[in-house]
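Single-structure report; data block below.
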Amino acid sequence: MRIGLLTEGGYPYATGEARLWCDRLVRGLPQHEFELYALSRSADQEERGHVPLPAHVTRVRTAPLWAPADDGRSYRRRERRRFAAAFTELVRGICASDPARFADGLYALAEIAREQGGLYAALRSETAVRAVESACRAPEASRSVQRAQVADLLEFVDELERLLRPLSLDWYEDLREVDVCHAAAGGVAALPGLLAKRFFGVPLLVTEYGVQLRAHYLEHTAQDERPAVRALLAAFHTRLAGEIYARADLLTPGNAHARRWQERCGASKDRLRTVYPGMEADRFAAVGEDPACGDPHTLVWVGRIEPAKDLIALLHAFAEVRRAEPLARLRIFATSVGTGAGGAAPGGAAPGGHAVGHGYLADCRSLAAQLFPDEAADAHAVGENPVTFEEIGGPDAPSTAEAYGAGRVVVLSSVIEGFPITLAEAMFCGRATVSTDVGAVVEVIGGTGLVVPPRNPRALAEACVSLLGDPERAQRLGAAARARALELFTVEQNVTAFQESYLSLLAHGPVRPDATGVPFEHPPEARVPGHWATPTWATPEPARATAQVAPAGEQRPPSAGGEPPATPVPGPAAPSATEASAAPPAVPVESSEASV
């Protein structure tokens with residue numbers, strides 16, 4: 001089976017979201033061929049290069065979303081009229097929340113790009129700006145976009161050109177040859193898959209472990225952003241999500257929280273299948289199989305330092321814990337400093353976000369110093385704060401598993417959360433957990449941990465004290481959590497679920513418009529994936545004679561029929577068997593910068 005995998009800001013690049021699970025998926029299905037189509041988000045991401053790819057990845061095509069994409073194309077008068085009509089339909093569908101007009105305009109623009117070339121100049125033209133202005137002033141437009149000023153229109157048109165850039169790519173022409181098109185995220189990453197399904201009927205599978213529409217809302221919450229631009233972009237992403245959910249043959253959300261978002265945006269329940277993300281359980285086996293490791297008086301927090309994690313509430317809760325348990329300690333392990341944009345946007349850091357994240361870390365350190373002054377046993381001893389801020393990879397926690405193993409109870413205090421990866425990792429380590437009821441926390445925990453309301457330090461403190469004071473209960477919950485994690489969140493179950501989804505789409509998919517012959521005339525077993533050499537007995541006579549030509553300086557024995565050996569042809573010597581087997585298979589990497 002040939003699978004076209006669409007990504008944005010991640011795999012196969014060395015950095016970015018969706019990198020790990022996509023790599024595990026590709027490596028877990030070596031019996032299939034994969035073609036990768038990746039949109040990059042920054043120059044730094046491209047400079048870091050790609051991760052090593054397995055041999056069954058037969059094609060890699062990339063295109064930037066961050067660089068200008070002027071291909072020098074200019075339309076004639078007739079094409080300009082076609083563009084104006086299509087773009088007007090698109091923006092009126094955005095401003096008036098009309099899904100039908102949005103879809104008509106989107107596919108009409110794709111048709112123009114397919115016939116005439118890229119849309120870069122047209123989308124940045126005065127015609128586009130006037131079309132947006134007319135749509136914003138229309139009576140059916142929402143009140144929030146009717147107040148748009150000239151600066152708002154220019155900013156929105158500039159952003160819209162970047163979001164619609166995949167329409168100018170010719171990737172869907174290559175995707176017509178694949179059996180299943182798999183978008184590793186919603187949003188603009190799925191646009192080539194939408195076009196391949198529209199033009200050639202290729203089955204489309206869309207996976208969302210973080211809902212792109214939700215991520216957009218969380219990322220664009222800055223007060224200094226223009227309200228009209230924010231409303232226009234939100235309307236565009238809403239309409240695009242609705243079109244993707246309506247056209248996809250199968251949607252695989254990563255949890256019930258993401259599933260509810262998709263259902264509210266129009267996804268049909270009969271095309272939804274929850275597939276939990278897969279994690280490598282072996283990394284946590286040593287800690288998980290030793291429930292007695294770790295300090296029984298220590299609470300552990302692991303994650304990104306950002307406001308969405310609400311460490312301020314955790315520190316106030318720990319002050320209550322210390323009153324009940326004077327020996328208690330809190331160890332905060334930072335995986336990285338967050339962007340301050342809510343923490344759920346999958347991959348992008350807002351401009352200036354790192355400054356916000358480091359400022360939040362400084363605020364947390366200051367609050368910890370105020371709430372817990374350094375304590376000393378006597379006048380000659382050095383004081384020690386019961387709250388420590390550490391980093392994964394430091395001398396006391398070289399690995400994530402050892403960070404979880406530092407205590408018996410793991411705490412999650414977030415106010416915004418999608419799928420809580422750190423919580424699942426703690427479950428693999430056999431730790432008892434105390435979590436806030438946000439995102440998919442209850443779904444992940446099941447009945448194996450304590451869940452309290454968010455922004456409630458007292459409830460968080462009471463739950464922590466109850467587990468610190470009852471080690472046997474904490475051990476029972478940790479064992480149950482590890483068993484649940486091994487059942488639901490392993491790489492094996494993730495790969496198996498997608499394998500079944502691919503086969504189901506191939507078996508029940510509609511007949512393609514360009515298909516010939518009888519559907520399912522040839523069973524899937526008749527096609528062997530990969531590149532296999534044709535045996536000499538199956539080669540036609542003229543080709544067989546050519547195949548028997550020996551390299552220069554080498555003599556072949558006469559054939560069984562008494563024919564003389566072929567005349568040697570001068571040329572380079574053939575590589576030895578050792579050299580041929582040692583050479584890695586070449587994967588063509590094609591950049592689409594020139595074709596954008």
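We're numbering straight along the sequence, starting at 1.
- The pair E263-R260 does not meet the salt-bridge criterion, since no charged nitrogen lies less than 4.0 angstrom from a carboxylate oxygen.
- By the 4.5 Å heavy-atom criterion applied to side chains, Y404 and T422 are counted as neighbours.
- Formation of a donor-acceptor pair under 3.5 Å by the E159 side chain with backbone atoms of L163 is not found in this model.
- Annotation for V145 and A231: closest pair CG1-CB, 4.0 Å, computed over non-hydrogen atoms.
- If you look at F489 and F419, their ring centroids are closer than 6.0 Å.
- T433 places no side-chain N or O within 3.5 Å of a backbone atom of V410 that could act as its donor or acceptor partner.
- You'll find the ring centres of F318 and F372 inside the 6.0 Å limit.
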How far apart are the C-alpha atoms of L232 and L160, what are their side-chain angles, what is the distance that settles it, and do they pass the side-chain contact (heavy atoms from CB on, under 4.5 Å) test? CA-CA 10 Å; L232 286 167; L160 192 60; over 6 Å; no
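- Each of E289, E425, E487 was scored for a salt bridge (Lys or Arg N to Asp or Glu O under 4.0 Å) with R482, with one residue passing: E289.
- Proximity of a side-chain donor or acceptor of E443 to a complementary backbone N or O of A256 within less than 3.5 Å is detected.
- By the 4.5 Å heavy-atom criterion applied to side chains, T400 and F333 are not counted as neighbours.
- In this structure the side chain of Y502 reaches within 4.5 angstrom of the side chain of H182, judged on heavy atoms.
- Contact annotation: the side chain of L164 approaches that of F236 to within less than 4.5 Å [non-hydrogen atoms, C-beta and beyond].
- Remark: of the listed residues R230, R147, R226, R226 is the sole one forming a side-chain hydrogen bond (donor to acceptor under 3.5 Å, both in side chains) with D152.
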Go through E417 and H257 one step at a time and tell me if the side-chain contact (heavy atoms from CB on, under 4.5 Å) criterion holds. CA-CA 10 Å; E417 197 73 55; H257 180 65; over 6 Å; no
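- Tested against W21 for a ring-ring contact (aromatic ring centres under 6.0 Å, His included), the candidates Y11, Y276, F498 yield a single pass: F498.
- At a threshold of 4.5 Å between non-hydrogen side-chain atoms, the residues L315 and L330 count as touching.
- No side-chain heavy atom of Q493 sits less than 4.5 Å from a side-chain heavy atom of L488.
- Salt bridge status for D23 with R19: absent, with no side-chain N to carboxylate O gap under 4.0 Å.
- To the nearest 0.5 Å, the span separating CZ on R264 from CG on L213 amounts to 12.0 Å.
- For the pair V321 and C464, the tightest heavy-atom approach, listed with the atom from each and the gap, is CG2-CB, 4.0 Å.
- The heavy-atom pair separating Y13 from V51 by the smallest distance is O-CG1, 3.9 Å.
- At a threshold of 4.5 Å between non-hydrogen side-chain atoms, the residues D437 and P453 do not count as touching.
- Checked by atom type and distance alone, the side chain of S366 never pairs as donor or acceptor with a backbone atom of A362 at under 3.5 Å.
- Separating the CD1 atom in I244 from the CD atom in Q212 is a distance of 8.5 Å, to the nearest 0.5 Å.
- A donor-acceptor pair under 3.5 Å links the side-chain atoms of Y360 to the main chain of L311, judged by distance alone.
- Interatomic distance, L412 CG to K309 NZ, rounded to the nearest 0.5 Å: 6.5 Å.
- Considering L423, V444, V452 in turn, L423 is the only one that fulfils the side chain to side chain contact (heavy atoms under 4.5 Å, CB included) rule with S435.
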Full working for side-chain contact (heavy atoms from CB on, under 4.5 Å) between C136 and Q146: CA-CA 5 Å; C136 291; Q146 288 182 348; 5.9 Å; no
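- Counting only heavy atoms from C-beta outward, the side chains of H316 and L460 never approach each other to under 4.5 Å.
- Under a 3.5 Å cut-off, the side chain of R408 and the backbone N or O of Q475 do not form any donor-acceptor pair.
- Closest of all the heavy-atom pairs between A267 and L251 is CB-CD1, 3.5 Å.
- Panel note: side chain Q45, backbone G9; a donor-acceptor pair is recorded below 3.5 Å.
- Contact check on E500 versus R273 returns a salt bridge, with a Lys/Arg side-chain nitrogen under 4.0 Å from an Asp/Glu carboxylate oxygen.
- The minimum heavy-atom distance between N385 and A368, with the atom names listed, is ND2-O, 3.7 Å.
- Residues Y217 and H237 keep their aromatic ring centres 6.0 Å or farther apart.
- Under the 4.0 Å criterion applied to side-chain N and carboxylate O atoms, E243 and R239 are not assigned as salt-bridge partners.
- Remark: the backbone N or O of T448 is not paired with any side-chain donor or acceptor of R484 at under 3.5 angstrom.
- Here the CD1 atom belonging to I305 is positioned 6.0 Å from the CD1 atom belonging to I332, to the nearest 0.5 angstrom.
- Judged purely by atom type and a 3.5 angstrom limit, T298 has no side-chain atom pairing as donor or acceptor with the backbone of R329.
- Taking CG of L468 as the reference point, atom CD of E325 lies at 5.5 Å (rounded to 0.5 Å).
- Ion pairing between R48 and D44 holds under the 4.0 Å rule for side-chain N and carboxylate O.
- With respect to the salt-bridge test (charged N to carboxylate O, under 4.0 angstrom), the residues R458 and E320 do not qualify.
- Taking both residues in full, the closest heavy atoms of L5 and A184 are given as CD1-CB, 4.5 Å, listed atom of the first, atom of the second, then distance.
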Given T252 and T207, is the side chain to side chain donor-acceptor pair (under 3.5 Å) satisfied, shown in steps? CA-CA 5 Å; T252 53; T207 298; 2.6 Å; yes
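- Distance alone, capped at 3.5 Å, places no donor-acceptor pair between the R455 side chain and the D310 backbone.
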As a quick check of understanding, evaluate side-chain contact (heavy atoms from CB on, under 4.5 Å) for M279 and I421, giving each step before the final call. CA-CA 9 Å; M279 288 174 279; I421 295 293; 4.1 Å; yes
